[in-house]
Amino acid sequence: QVQLVESGGGLVQAGGSLRLSCAASGRTFSRYHMGWFRQAPGKEREFVAAISWTGGSTYYADSVKGRFTISRDNAWNTVYLQMNTLKPEDTAVYYCAADRTGSVSRQTYDYDYWGQGTQVTVSS
């Protein structure tokens, strides 16, 4: 069992930056691939970024590539999402998720545990 708690969301102007954190409980955090997803009002939850359990592989949605960076610190059971050059279309609730399966996935249904989400609002 893994419990995930996101933090770091807020209101920022377009062009600004935010750093999201996701703290995980449990001793097996380092065995999980981790992902960030987001959901805007009236839209489906979508993939943002993912990182392998070693941190050696990262994956991004095309819409955030070059602006967002996912990283993890297994010693602190934490995964991060650094978001730069934010745009109004990045406004959403951001969720972190943990995946026990063998390969890193971009699909919500492959993730076993989810946090409660943190709101990110980017004003124009």
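Below, all heavy atoms of this structure are taken into account, side chains as well, without hydrogens, waters or symmetry copies. All values derive from a computational prediction rather than experimental measurement.
With sequence neighbours excluded, the residues that form a side chain to side chain contact (heavy atoms under 4.5 Å, CB included) with S25 are Q3. Take R100 and apply the salt bridge (charged side-chain N to carboxylate O under 4.0 Å, His left out) test, not counting sequence neighbours, and it matches D112. Taking the side chain to side chain donor-acceptor pair (under 3.5 Å) definition, one finds that T85 meets it with nothing, sequence neighbours left out. Take K43 and apply the side chain to side chain donor-acceptor pair (under 3.5 Å) test, not counting sequence neighbours, and it matches no residue. Under the side chain to side chain contact (heavy atoms under 4.5 Å, CB included) criterion, S17 pairs with Q82, N84, sequence neighbours left out. Not counting sequence neighbours, the partners of Q119 by the side chain to side chain donor-acceptor pair (under 3.5 Å) test are T121. Residues satisfying the side chain to side chain donor-acceptor pair (under 3.5 Å) criterion with T91, sequence neighbours excluded, are absent altogether.
Screening residues 22-109 for disulfide (SG to SG under 2.5 Å) gives C22-C96 as the qualifying pairs, with residues at least two apart or on separate chains.
With respect to the salt-bridge test (charged N to carboxylate O, under 4.0 angstrom), the residues K87 and D90 do not qualify.
Counting all heavy atoms, side chain and backbone alike, T118 lies closest to G9 at OG1-N, 3.2 Å. Closest of all the heavy-atom pairs between S124 and A14 is CA-CB, 4.4 Å. Across every non-hydrogen atom of R72 and S52, the tightest pair is NH1-O, 2.9 Å.
S30 and N74 form no side-chain donor-acceptor contact under 3.5 Å, judged by distance and modelled atom types alone.
A donor-acceptor distance shorter than 3.5 angstrom exists from the side chain of E6 to the backbone of Q116, with no hydrogens or angles considered. Side-chain atoms of H33 come within 3.5 Å of backbone N or O of W53 as a donor-acceptor pair.
Here Q1 contributes atom CD and T28 contributes atom OG1; the two are 10.0 Å apart, rounded to the nearest 0.5 Å.
When hydrophobic residues (I, L, V, M, F, W, Y) are linked wherever their side-chain heavy atoms come within less than 4.5 Å, the members clustered with F29 are V2, L4, V12, L18, L20, Y32, M34, W36, V48, I51, Y60, V64, F68, I70, V79, L81, M83, L86, Y94, Y113, V120, V122. Here W76 sits alone; no ILVMFWY side chain lies under 4.5 Å from its own, so it joins no hydrophobic cluster. Applying the under-4.5 Å side-chain rule to Ile, Leu, Val, Met, Phe, Trp and Tyr, the cluster around Y59 extends to F37, F47, V93, Y95, V104, Y111, W114. Residue V5 is found outside any hydrophobic cluster, as its side-chain heavy atoms come under 4.5 Å of no other Ile, Leu, Val, Met, Phe, Trp or Tyr.
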Evaluate side-chain contact (heavy atoms from CB on, under 4.5 Å) for E46 paired with R38, printing each intermediate quantity in order. CA-CA 5 Å; E46 65 174 4; R38 66 187 182 187; 2.6 Å; yes
